Asker: 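Mind looking over this structure? Questions follow.
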Protein chains: 2
Amino acid sequence: MALRHAVLAALLDGEFSGYQLAKGFDIGVANFWHALPQQLYAELSRLEGEGLVAGREVVQEGRPNKRLFTVTDAGLAELESFAAAAAKPSFIRDDLLVKVQAVDGVDAAPVIAQLRERAAVAEAKTEVLGALLRRLRGDLDEDEFLRTGRRIGPYLTCLRGLAFERETREWCLRTADLLARRRAEAARGRAGG
Amino acid sequence: MALRHAVLAALLDGEFSGYQLAKGFDIGVANFWHALPQQLYAELSRLEGEGLVAGREVVQEGRPNKRLFTVTDAGLAELESFAAAAAKPSFIRDDLLVKVQAVDGVDAAPVIAQLRERAAVAEAKTEVLGALLRRLRGDLDEDEFLRTGRRIGPYLTCLRGLAFERETREWCLRTADLLARRRAEAARGRAGG
DNA sequence: TCTGACTAGTCAGATTCTTGAGTATGAGTC
DNA sequence: GACTCATACTCAAGAATCTGACTAGTCAGA
(Lines give C-alpha, C1' and ligand atoms only; values in the text may rest on other atoms or scores of the structure.)
Protein backbone atom coordinates (compact mmCIF):
# COMPACT_ATOMS: atom_id res chain seq x y z
CA MET A 1 0.00 0.00 0.00
CA ALA A 2 2.99 2.33 -0.18
CA LEU A 3 4.57 1.86 -3.56
CA ARG A 4 1.64 3.89 -4.82
CA HIS A 5 2.77 6.87 -2.79
CA ALA A 6 6.34 6.56 -3.94
CA VAL A 7 5.06 6.57 -7.51
CA LEU A 8 2.86 9.59 -6.90
CA ALA A 9 5.80 11.39 -5.28
CA ALA A 10 8.00 10.57 -8.25
CA LEU A 11 5.37 11.87 -10.67
CA LEU A 12 5.36 15.24 -8.91
CA ASP A 13 8.50 15.97 -10.92
CA GLY A 14 6.73 15.74 -14.23
CA GLU A 15 5.24 13.38 -16.74
CA PHE A 16 6.77 9.95 -16.87
CA SER A 17 6.09 6.64 -18.53
CA GLY A 18 6.29 3.36 -16.68
CA TYR A 19 9.47 2.63 -18.55
CA GLN A 20 11.06 5.92 -17.52
CA LEU A 21 10.11 5.33 -13.91
CA ALA A 22 11.51 1.83 -14.11
CA LYS A 23 14.84 3.24 -15.30
CA GLY A 24 14.86 6.29 -13.09
CA PHE A 25 13.80 4.56 -9.93
CA ASP A 26 17.46 3.74 -9.60
CA ILE A 27 18.30 7.36 -9.03
CA GLY A 28 16.34 9.77 -6.89
CA VAL A 29 13.32 7.97 -5.54
CA ALA A 30 15.25 4.71 -5.52
CA ASN A 31 17.19 6.05 -2.53
CA PHE A 32 14.30 5.07 -0.38
CA TRP A 33 12.07 2.91 -2.46
CA HIS A 34 12.81 0.04 -4.73
CA ALA A 35 10.49 -1.51 -7.27
CA LEU A 36 10.67 -3.76 -10.29
CA PRO A 37 9.30 -2.59 -13.65
CA GLN A 38 6.36 -4.98 -13.44
CA GLN A 39 5.32 -3.48 -10.16
CA LEU A 40 5.50 0.04 -11.54
CA TYR A 41 3.39 -0.80 -14.58
CA ALA A 42 0.84 -2.56 -12.44
CA GLU A 43 0.73 0.25 -9.91
CA LEU A 44 0.36 2.90 -12.61
CA SER A 45 -2.60 0.99 -14.05
CA ARG A 46 -4.22 0.72 -10.64
CA LEU A 47 -3.60 4.39 -9.91
CA GLU A 48 -5.10 5.31 -13.25
CA GLY A 49 -8.11 3.13 -12.57
CA GLU A 50 -8.64 4.96 -9.29
CA GLY A 51 -8.21 8.34 -10.95
CA LEU A 52 -5.10 9.24 -8.95
CA VAL A 53 -2.99 9.63 -12.05
CA ALA A 54 -3.95 10.46 -15.62
CA GLY A 55 -2.24 8.74 -18.54
CA ARG A 56 -1.97 9.93 -22.10
CA GLU A 57 -0.79 7.96 -25.08
CA VAL A 58 2.16 9.46 -26.93
CA VAL A 59 2.61 8.17 -30.45
CA GLN A 60 6.26 7.86 -31.38
CA GLU A 61 8.07 7.25 -34.63
CA GLY A 62 10.71 4.58 -34.79
CA ARG A 63 9.87 3.19 -31.37
CA PRO A 64 6.86 1.84 -29.48
CA ASN A 65 4.24 4.28 -28.30
CA LYS A 66 4.28 5.12 -24.65
CA ARG A 67 1.91 6.30 -21.97
CA LEU A 68 2.89 9.31 -19.89
CA PHE A 69 1.34 9.81 -16.48
CA THR A 70 0.68 12.84 -14.32
CA VAL A 71 -0.77 13.18 -10.84
CA THR A 72 -4.39 14.31 -10.72
CA ASP A 73 -5.98 16.45 -8.03
CA ALA A 74 -7.32 13.27 -6.46
CA GLY A 75 -3.78 11.90 -6.49
CA LEU A 76 -2.53 15.01 -4.76
CA ALA A 77 -5.23 14.65 -2.14
CA GLU A 78 -4.16 11.04 -1.63
CA LEU A 79 -0.55 12.14 -1.13
CA GLU A 80 -1.73 14.82 1.25
CA SER A 81 -3.52 12.35 3.47
CA PHE A 82 -0.61 9.92 3.22
CA ALA A 83 1.78 12.62 4.39
CA ALA A 84 -0.47 13.43 7.33
CA ALA A 85 -0.83 9.80 8.46
CA ALA A 86 1.64 8.27 10.88
CA ALA A 87 4.73 6.93 9.13
CA LYS A 88 5.70 3.35 9.58
CA PRO A 89 9.19 2.92 10.92
CA SER A 90 11.70 2.57 8.13
CA PHE A 91 13.67 -0.55 7.70
CA ILE A 92 16.73 -1.75 5.96
CA ARG A 93 17.09 -5.21 4.59
CA ASP A 94 20.58 -6.09 3.67
CA ASP A 95 21.97 -9.49 2.84
CA LEU A 96 25.48 -8.21 3.29
CA LEU A 97 24.87 -7.20 6.89
CA VAL A 98 23.45 -10.64 7.57
CA LYS A 99 26.70 -12.08 6.25
CA VAL A 100 28.78 -9.82 8.42
CA GLN A 101 26.67 -10.76 11.44
CA ALA A 102 27.48 -14.38 10.67
CA VAL A 103 31.11 -13.79 9.71
CA ASP A 104 32.55 -15.43 12.83
CA GLY A 105 30.94 -18.71 11.85
CA VAL A 106 31.77 -18.82 8.15
CA ASP A 107 34.66 -18.22 5.77
CA ALA A 108 35.35 -14.48 5.74
CA ALA A 109 36.98 -14.31 2.31
CA PRO A 110 33.83 -13.98 0.20
CA VAL A 111 32.36 -11.55 2.72
CA ILE A 112 35.45 -9.35 2.46
CA ALA A 113 35.19 -9.43 -1.34
CA GLN A 114 31.54 -8.45 -1.21
CA LEU A 115 32.23 -5.64 1.23
CA ARG A 116 34.78 -4.18 -1.16
CA GLU A 117 32.41 -4.57 -4.08
CA ARG A 118 29.65 -2.88 -2.13
CA ALA A 119 32.01 -0.06 -1.21
CA ALA A 120 32.70 0.50 -4.90
CA VAL A 121 28.99 0.51 -5.71
CA ALA A 122 28.35 2.97 -2.89
CA GLU A 123 31.11 5.23 -4.17
CA ALA A 124 29.61 5.18 -7.66
CA LYS A 125 26.26 6.08 -6.17
CA THR A 126 27.69 9.00 -4.25
CA GLU A 127 28.93 10.35 -7.56
CA VAL A 128 25.60 9.91 -9.27
CA LEU A 129 23.82 11.54 -6.34
CA GLY A 130 26.34 14.35 -6.19
CA ALA A 131 25.77 15.08 -9.86
CA LEU A 132 22.01 14.94 -9.34
CA LEU A 133 22.25 17.41 -6.48
CA ARG A 134 24.31 19.81 -8.59
CA ARG A 135 21.76 19.53 -11.37
CA LEU A 136 18.83 20.11 -9.02
CA ARG A 137 20.26 23.22 -7.42
CA GLY A 138 21.41 24.74 -10.71
CA ASP A 139 23.78 27.64 -10.12
CA LEU A 140 22.60 28.41 -6.62
CA ASP A 141 24.62 27.23 -3.67
CA GLU A 142 22.99 24.65 -1.45
CA ASP A 143 21.85 26.96 1.33
CA GLU A 144 20.29 29.42 -1.03
CA PHE A 145 18.62 26.70 -3.05
CA LEU A 146 17.17 25.12 0.08
CA ARG A 147 15.91 28.50 1.30
CA THR A 148 14.39 29.66 -1.96
CA GLY A 149 13.91 26.63 -4.25
CA ARG A 150 10.39 25.68 -5.29
CA ARG A 151 11.03 21.95 -5.43
CA ILE A 152 13.31 20.85 -2.64
CA GLY A 153 11.82 17.46 -1.72
CA PRO A 154 13.98 15.49 -4.14
CA TYR A 155 17.04 17.46 -3.07
CA LEU A 156 16.46 16.64 0.57
CA THR A 157 15.97 12.95 -0.06
CA CYS A 158 19.08 12.87 -2.22
CA LEU A 159 21.04 14.42 0.63
CA ARG A 160 19.87 11.56 2.81
CA GLY A 161 20.81 9.07 0.14
CA LEU A 162 24.22 10.63 -0.27
CA ALA A 163 24.94 10.49 3.45
CA PHE A 164 23.79 6.88 3.49
CA GLU A 165 26.02 5.86 0.61
CA ARG A 166 29.01 7.63 2.10
CA GLU A 167 28.49 5.87 5.41
CA THR A 168 28.03 2.58 3.62
CA ARG A 169 31.30 3.06 1.77
CA GLU A 170 33.22 3.96 4.94
CA TRP A 171 31.84 1.10 6.92
CA CYS A 172 32.37 -1.47 4.17
CA LEU A 173 35.98 -0.47 3.66
CA ARG A 174 36.72 -0.35 7.37
CA THR A 175 35.04 -3.69 7.95
CA ALA A 176 36.69 -5.35 4.97
CA ASP A 177 40.14 -4.16 6.08
CA LEU A 178 39.54 -5.32 9.61
CA LEU A 179 38.40 -8.77 8.54
CA ALA A 180 41.31 -9.05 6.12
CA ARG A 181 43.80 -8.12 8.86
CA ARG A 182 42.27 -10.69 11.20
CA ARG A 183 42.60 -13.35 8.52
CA ALA A 184 46.22 -12.44 7.95
CA GLU A 185 46.85 -12.58 11.72
CA ALA A 186 45.16 -15.95 12.00
CA ALA A 187 47.20 -17.31 9.10
CA ARG A 188 50.42 -16.03 10.68
CA GLY A 189 49.36 -17.57 13.97
CA ARG A 190 48.84 -20.96 12.36
CA ALA A 191 52.09 -20.77 10.41
CA GLY A 192 54.29 -19.37 13.18
CA GLY A 193 53.14 -21.81 15.85
CA MET B 1 14.46 -16.58 0.98
CA ALA B 2 16.59 -14.43 3.24
CA LEU B 3 14.84 -14.16 6.56
CA ARG B 4 16.06 -17.69 7.15
CA HIS B 5 19.66 -16.50 6.99
CA ALA B 6 18.99 -13.61 9.31
CA VAL B 7 17.51 -16.08 11.78
CA LEU B 8 20.45 -18.45 11.44
CA ALA B 9 22.85 -15.53 11.94
CA ALA B 10 20.94 -14.45 15.05
CA LEU B 11 21.08 -17.98 16.45
CA LEU B 12 24.87 -18.00 16.20
CA ASP B 13 24.81 -16.00 19.43
CA GLY B 14 23.20 -18.77 21.40
CA GLU B 15 19.99 -20.62 22.04
CA PHE B 16 16.83 -18.60 21.56
CA SER B 17 13.12 -19.19 21.49
CA GLY B 18 10.89 -17.70 18.83
CA TYR B 19 9.55 -15.36 21.45
CA GLN B 20 13.01 -14.15 22.43
CA LEU B 21 13.93 -13.58 18.80
CA ALA B 22 10.69 -11.71 18.29
CA LYS B 23 11.57 -9.39 21.16
CA GLY B 24 15.25 -9.13 20.42
CA PHE B 25 14.95 -8.64 16.71
CA ASP B 26 14.45 -5.00 17.60
CA ILE B 27 18.01 -4.72 18.78
CA GLY B 28 21.02 -6.19 17.09
CA VAL B 29 19.86 -8.10 14.04
CA ALA B 30 16.96 -5.72 13.63
CA ASN B 31 19.44 -3.14 12.40
CA PHE B 32 19.34 -4.79 9.06
CA TRP B 33 16.44 -7.15 9.14
CA HIS B 34 12.91 -6.75 10.27
CA ALA B 35 10.37 -9.48 10.92
CA LEU B 36 7.13 -10.00 12.76
CA PRO B 37 6.80 -12.71 15.41
CA GLN B 38 4.59 -14.83 13.15
CA GLN B 39 7.28 -14.88 10.51
CA LEU B 40 9.92 -15.89 13.00
CA TYR B 41 7.88 -18.77 14.39
CA ALA B 42 7.05 -19.96 10.90
CA GLU B 43 10.62 -19.66 9.74
CA LEU B 44 11.94 -21.50 12.79
CA SER B 45 9.52 -24.36 12.10
CA ARG B 46 10.60 -24.52 8.49
CA LEU B 47 14.28 -24.41 9.45
CA GLU B 48 13.71 -27.18 11.96
CA GLY B 49 11.90 -29.23 9.33
CA GLU B 50 14.88 -28.87 7.05
CA GLY B 51 17.30 -29.75 9.82
CA LEU B 52 19.06 -26.38 9.76
CA VAL B 53 18.20 -25.66 13.37
CA ALA B 54 17.47 -28.00 16.27
CA GLY B 55 14.78 -27.18 18.79
CA ARG B 56 14.47 -28.49 22.30
CA GLU B 57 11.49 -28.11 24.61
CA VAL B 58 12.20 -26.40 27.90
CA VAL B 59 9.62 -27.05 30.59
CA GLN B 60 9.06 -24.02 32.77
CA GLU B 61 7.23 -23.45 36.02
CA GLY B 62 4.83 -20.58 36.29
CA ARG B 63 4.88 -19.81 32.59
CA PRO B 64 4.36 -21.61 29.29
CA ASN B 65 6.99 -24.00 28.08
CA LYS B 66 9.23 -22.80 25.32
CA ARG B 67 11.30 -24.19 22.51
CA LEU B 68 14.92 -23.13 22.25
CA PHE B 69 16.71 -23.37 18.93
CA THR B 70 20.32 -23.77 17.93
CA VAL B 71 22.00 -23.88 14.54
CA THR B 72 22.95 -27.36 13.36
CA ASP B 73 25.95 -28.25 11.22
CA ALA B 74 23.66 -28.27 8.23
CA GLY B 75 22.52 -24.78 9.21
CA LEU B 76 26.08 -23.63 9.40
CA ALA B 77 26.75 -25.07 5.96
CA GLU B 78 23.71 -23.21 4.68
CA LEU B 79 25.04 -19.97 6.14
CA GLU B 80 28.42 -20.70 4.65
CA SER B 81 27.02 -21.03 1.15
CA PHE B 82 24.80 -18.02 1.67
CA ALA B 83 27.82 -15.93 2.65
CA ALA B 84 29.69 -17.08 -0.43
CA ALA B 85 26.83 -16.29 -2.84
CA ALA B 86 26.52 -12.86 -4.42
CA ALA B 87 24.69 -10.43 -2.17
CA LYS B 88 21.63 -8.70 -3.43
CA PRO B 89 21.87 -4.94 -3.30
CA SER B 90 20.49 -3.59 -0.06
CA PHE B 91 17.50 -1.38 -0.01
CA ILE B 92 15.75 1.00 2.26
CA ARG B 93 12.04 1.46 2.28
CA ASP B 94 10.95 4.48 4.16
CA ASP B 95 7.55 6.12 4.19
CA LEU B 96 9.01 9.23 5.70
CA LEU B 97 11.39 9.79 2.81
CA VAL B 98 8.49 9.40 0.41
CA LYS B 99 6.73 12.16 2.32
CA VAL B 100 9.75 14.42 2.17
CA GLN B 101 10.06 13.75 -1.55
CA ALA B 102 6.46 14.93 -1.91
CA VAL B 103 6.74 17.77 0.59
CA ASP B 104 6.55 20.54 -2.01
CA GLY B 105 3.11 19.37 -3.04
CA VAL B 106 1.51 18.78 0.37
CA ASP B 107 1.17 20.43 3.75
CA ALA B 108 4.58 20.33 5.41
CA ALA B 109 3.39 20.54 9.00
CA PRO B 110 2.73 16.85 9.62
CA VAL B 111 5.93 15.95 7.79
CA ILE B 112 7.92 18.25 10.06
CA ALA B 113 6.30 16.65 13.10
CA GLN B 114 7.13 13.18 11.85
CA LEU B 115 10.72 14.15 11.11
CA ARG B 116 11.14 15.33 14.68
CA GLU B 117 9.54 12.19 16.02
CA ARG B 118 11.80 10.05 13.88
CA ALA B 119 14.81 11.99 15.10
CA ALA B 120 13.83 11.19 18.67
CA VAL B 121 13.41 7.51 17.83
CA ALA B 122 16.79 7.49 16.12
CA GLU B 123 18.40 9.10 19.13
CA ALA B 124 16.88 6.49 21.42
CA LYS B 125 18.22 3.79 19.13
CA THR B 126 21.71 5.24 19.18
CA GLU B 127 21.65 4.91 22.94
CA VAL B 128 20.43 1.34 22.85
CA LEU B 129 23.07 0.47 20.27
CA GLY B 130 25.77 2.29 22.18
CA ALA B 131 24.93 0.29 25.28
CA LEU B 132 24.90 -2.91 23.26
CA LEU B 133 28.34 -2.12 21.85
CA ARG B 134 29.74 -1.47 25.33
CA ARG B 135 28.28 -4.76 26.52
CA LEU B 136 29.68 -6.68 23.56
CA ARG B 137 33.22 -5.39 23.92
CA GLY B 138 33.29 -5.84 27.69
CA ASP B 139 36.23 -4.02 29.22
CA LEU B 140 38.34 -3.96 26.09
CA ASP B 141 38.51 -0.82 24.01
CA GLU B 142 37.04 -1.00 20.55
CA ASP B 143 40.24 -1.48 18.59
CA GLU B 144 41.47 -4.23 20.82
CA PHE B 145 38.11 -5.97 20.85
CA LEU B 146 37.91 -5.85 17.08
CA ARG B 147 41.45 -7.21 16.76
CA THR B 148 41.13 -9.99 19.27
CA GLY B 149 37.44 -10.70 19.92
CA ARG B 150 36.05 -14.10 19.02
CA ARG B 151 32.62 -12.87 18.03
CA ILE B 152 32.80 -9.56 16.23
CA GLY B 153 30.03 -9.92 13.63
CA PRO B 154 27.30 -8.45 15.83
CA TYR B 155 29.63 -5.66 16.90
CA LEU B 156 30.35 -4.70 13.31
CA THR B 157 26.70 -4.67 12.31
CA CYS B 158 25.86 -2.61 15.36
CA LEU B 159 28.47 -0.09 14.33
CA ARG B 160 26.73 0.18 10.99
CA GLY B 161 23.39 0.56 12.69
CA LEU B 162 24.73 3.21 15.00
CA ALA B 163 26.14 5.26 12.13
CA PHE B 164 22.84 4.89 10.32
CA GLU B 165 20.79 6.08 13.28
CA ARG B 166 23.11 9.00 13.89
CA GLU B 167 22.84 10.07 10.26
CA THR B 168 19.08 9.64 10.38
CA ARG B 169 18.85 11.85 13.43
CA GLU B 170 21.03 14.57 11.91
CA TRP B 171 19.19 14.59 8.64
CA CYS B 172 15.74 14.55 10.23
CA LEU B 173 16.54 17.47 12.48
CA ARG B 174 18.19 19.48 9.74
CA THR B 175 15.33 18.79 7.34
CA ALA B 176 12.64 19.54 9.91
CA ASP B 177 14.27 22.85 10.82
CA LEU B 178 14.65 23.81 7.19
CA LEU B 179 11.03 23.04 6.38
CA ALA B 180 9.87 24.87 9.47
CA ARG B 181 11.89 27.96 8.52
CA ARG B 182 10.48 27.90 5.01
CA ARG B 183 6.96 27.73 6.41
CA ALA B 184 7.66 30.66 8.69
CA GLU B 185 9.08 32.62 5.75
CA ALA B 186 6.09 31.83 3.59
CA ALA B 187 3.71 32.89 6.36
CA ARG B 188 5.60 36.15 6.80
CA GLY B 189 5.51 36.67 3.02
CA ARG B 190 1.74 36.24 2.95
CA ALA B 191 1.20 38.47 5.95
CA GLY B 192 3.69 41.22 5.01
CA GLY B 193 2.55 41.71 1.42
C1' DT C 1 21.88 -11.03 -42.35
C1' DC C 2 22.28 -12.35 -37.84
C1' DT C 3 23.08 -10.81 -33.12
C1' DG C 4 22.49 -8.16 -29.43
C1' DA C 5 20.81 -3.97 -27.18
C1' DC C 6 17.23 -0.52 -26.36
C1' DT C 7 12.42 1.00 -26.05
C1' DA C 8 7.93 -0.13 -24.06
C1' DG C 9 5.34 -2.97 -22.02
C1' DT C 10 2.42 -7.52 -20.33
C1' DC C 11 1.31 -12.01 -17.94
C1' DA C 12 1.38 -15.86 -14.79
C1' DG C 13 2.90 -17.98 -10.67
C1' DA C 14 5.31 -18.37 -6.47
C1' DT C 15 7.06 -16.52 -2.40
C1' DT C 16 7.11 -13.35 1.24
C1' DC C 17 5.17 -10.16 4.28
C1' DT C 18 1.47 -8.05 6.77
C1' DT C 19 -3.01 -7.82 9.20
C1' DG C 20 -5.72 -9.49 12.54
C1' DA C 21 -7.38 -12.65 15.50
C1' DG C 22 -7.09 -16.43 18.85
C1' DT C 23 -5.18 -19.89 22.66
C1' DA C 24 -3.44 -20.57 27.26
C1' DT C 25 -1.23 -19.67 31.78
C1' DG C 26 0.35 -17.00 35.67
C1' DA C 27 1.49 -12.61 38.12
C1' DG C 28 0.42 -8.22 39.71
C1' DT C 29 -3.00 -4.61 40.95
C1' DC C 30 -6.95 -1.78 41.96
C1' DG D 1 -12.67 -10.55 41.69
C1' DA D 2 -12.01 -8.33 37.34
C1' DC D 3 -8.51 -6.35 34.58
C1' DT D 4 -4.36 -5.92 32.56
C1' DC D 5 0.27 -7.34 31.38
C1' DA D 6 3.84 -10.68 30.09
C1' DT D 7 5.14 -15.15 28.37
C1' DA D 8 4.78 -18.26 24.51
C1' DC D 9 2.86 -19.49 20.48
C1' DT D 10 -0.62 -20.58 16.36
C1' DC D 11 -3.72 -19.92 12.31
C1' DA D 12 -5.79 -17.93 8.28
C1' DA D 13 -6.33 -14.61 4.75
C1' DG D 14 -4.91 -11.07 2.04
C1' DA D 15 -1.61 -7.73 0.15
C1' DA D 16 2.77 -6.91 -1.67
C1' DT D 17 6.75 -8.37 -3.89
C1' DC D 18 9.76 -11.18 -6.73
C1' DT D 19 11.03 -14.55 -10.46
C1' DG D 20 10.95 -15.44 -15.00
C1' DA D 21 9.23 -15.53 -19.32
C1' DC D 22 7.09 -13.27 -23.38
C1' DT D 23 5.65 -9.75 -27.27
C1' DA D 24 7.30 -6.55 -30.76
C1' DG D 25 9.51 -3.04 -33.32
C1' DT D 26 14.05 -0.29 -34.16
C1' DC D 27 18.81 0.35 -34.60
C1' DA D 28 23.90 -0.54 -34.67
C1' DG D 29 27.56 -3.41 -35.53
C1' DA D 30 29.95 -8.02 -37.09
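Not measured: the values here are computed from a predicted model.
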Asker: So if I define the base as every atom that isn't primed, P, OP1 or OP2, how would nucleotides 19-27 of chain D read as a B/S/- string at a heavy-atom cutoff under 4.0 Å?
Answerer: BB-----S-

Asker: Separation of B/L3 atom CG from D/dT17 atom P, in whole Å?
Answerer: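 Taking atom P of D/dT17 as the reference, CG of B/L3 is at 17 Å.
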
Asker: Among A/T70, A/V7, A/L8, which one satisfies side-chain contact (heavy atoms from CB on, under 4.5 Å) with A/V53?
Answerer: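 Among A/T70, A/V7, A/L8, the one meeting side-chain contact (heavy atoms from CB on, under 4.5 Å) with A/V53 is A/L8.
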
Asker: Closest approach to the side chain of B/S17, judged atom by atom: which nucleotide of D/dC18, D/dA8, D/dC9 is it?
Answerer: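 Nearest listed nucleotide: D/dC9.
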
Asker: To the nearest Å, give me how far apart CG (B/N65) and C1' (D/dT10) are.
Answerer: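 Value for this atom pair: 16 Å.
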
Asker: On the 0 to 90° scale, with breaks at 30° and 60°, tag the B/Y155-B/F145 ring pair as parallel, tilted or perpendicular.
Answerer: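 Taking B/F145 first and then B/Y155, their aromatic rings sit tilted (interplane angle of 30° to 60°).
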
Asker: Report yes or no: do A/L97 and B/I152 belong to one cluster of Ile/Leu/Val/Met/Phe/Trp/Tyr joined by side chain heavy-atom distances under 4.5 Å?
Answerer: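 Linked, A/L97 and B/I152 end up in one cluster.
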
Asker: Both B/A42 and B/Y19 contact DNA chain D. Taking the nearest nucleotide for each, which residue is further toward the 5' end?
Answerer: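 So the residue in question is B/Y19.
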
Asker: On DNA chain D, check which nucleotide each of B/K66 and A/E43 is closest to and give me the residue with the more 5' one.
Answerer: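 So the residue in question is B/K66.
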
Asker: Does B/D139 CG have over 12 foreign heavy atoms under 6.0 Å away?
Answerer: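 No, because the 6.0 Å sphere around CG of B/D139 holds 12 heavy atoms or fewer from other groups.
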
Asker: How long is the line joining CD of B/E15 and P of D/dA8, in whole Å?
Answerer: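 Those two atoms, CD and P, are 13 Å apart.
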
Asker: Determine, step by step, whether A/R67 and A/E48 satisfy the salt bridge (Lys or Arg N to Asp or Glu O under 4.0 Å) criterion, reporting the C-alpha distance in whole Å, the side-chain angles of both residues, the deciding distance to 0.1 Å, and the verdict.
Answerer: CA-CA 11 Å; A/R67 290 171 50 70; A/E48 195 184 17; 2.6 Å; yes

Asker: Go nucleotide by nucleotide along DNA chain C from the 5' end; which of B/A35 and A/P37 gets its closest nucleotide reached first?
Answerer: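 Closest to the 5' end, via its nearest nucleotide, is A/P37.
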
Asker: Taking OH from B/Y41 and C1' from D/dC9, how many angstroms apart are they, rounded to a whole number?
Answerer: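 Nearest whole value for this atom pair: 5 Å.
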
Asker: Roughly how many Å is it from CG in B/L21 to P in D/dT7, rounded to a whole number?
Answerer: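 Atom-to-atom, B/L21 to D/dT7, this comes out as 14 Å.
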
Asker: Is there a side-chain contact between B/R118 and B/D94 (heavy atoms, below 4.5 Å)?
Answerer: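 Yes - at least one pair of side-chain heavy atoms lies under 4.5 Å apart.
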
Asker: May I ask which nucleotide in the shown strands pairs with C/dA14, Watson-Crick or G-U wobble, both distances under 3.5 Å?
Answerer: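 Checking every strand shown, C/dA14 finds its partner in D/dT17, with both distances under 3.5 Å.
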
Asker: On the nucleotide D/dT17, are OP1 or OP2 found under 4.0 Å from the side-chain N or O atoms that A/H34 carries?
Answerer: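 No, because none of the side-chain N or O atoms of A/H34 sits under 4.0 Å from OP1 or OP2 of D/dT17.
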
Asker: In this structure, how many angstroms lie between the C1' atom of D/dC9 and the CZ atom of B/F69, rounded?
Answerer: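 Rounded to whole Å, this separation is 10 Å.
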
Asker: Does any part of the side chain of A/R174, heavy atoms only, come nearer than 4.5 Å to the side chain of B/L159, both counted from C-beta?
Answerer: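 The answer is yes; the side chains approach within 4.5 Å.
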
Asker: Within the structure shown, what part of the strands sits under 4.0 Å from A/R93 by heavy-atom distance: base, sugar-phosphate, or nothing?
Answerer: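 Sugar-phosphate: the residue A/R93, judged by heavy atoms under 4.0 Å, touches backbone atoms but no base.
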
Asker: For B/E48 and D/dC9, what is the distance between atoms CD and C1' respectively, to the nearest whole Å?
Answerer: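 Distance, rounded to whole Å: 14 Å.
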
Asker: Between B/Q39 (CD) and C/dT19 (C1'), how many Å, whole number?
Answerer: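 One finds 12 Å between C1' of C/dT19 and CD of B/Q39, rounded.
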
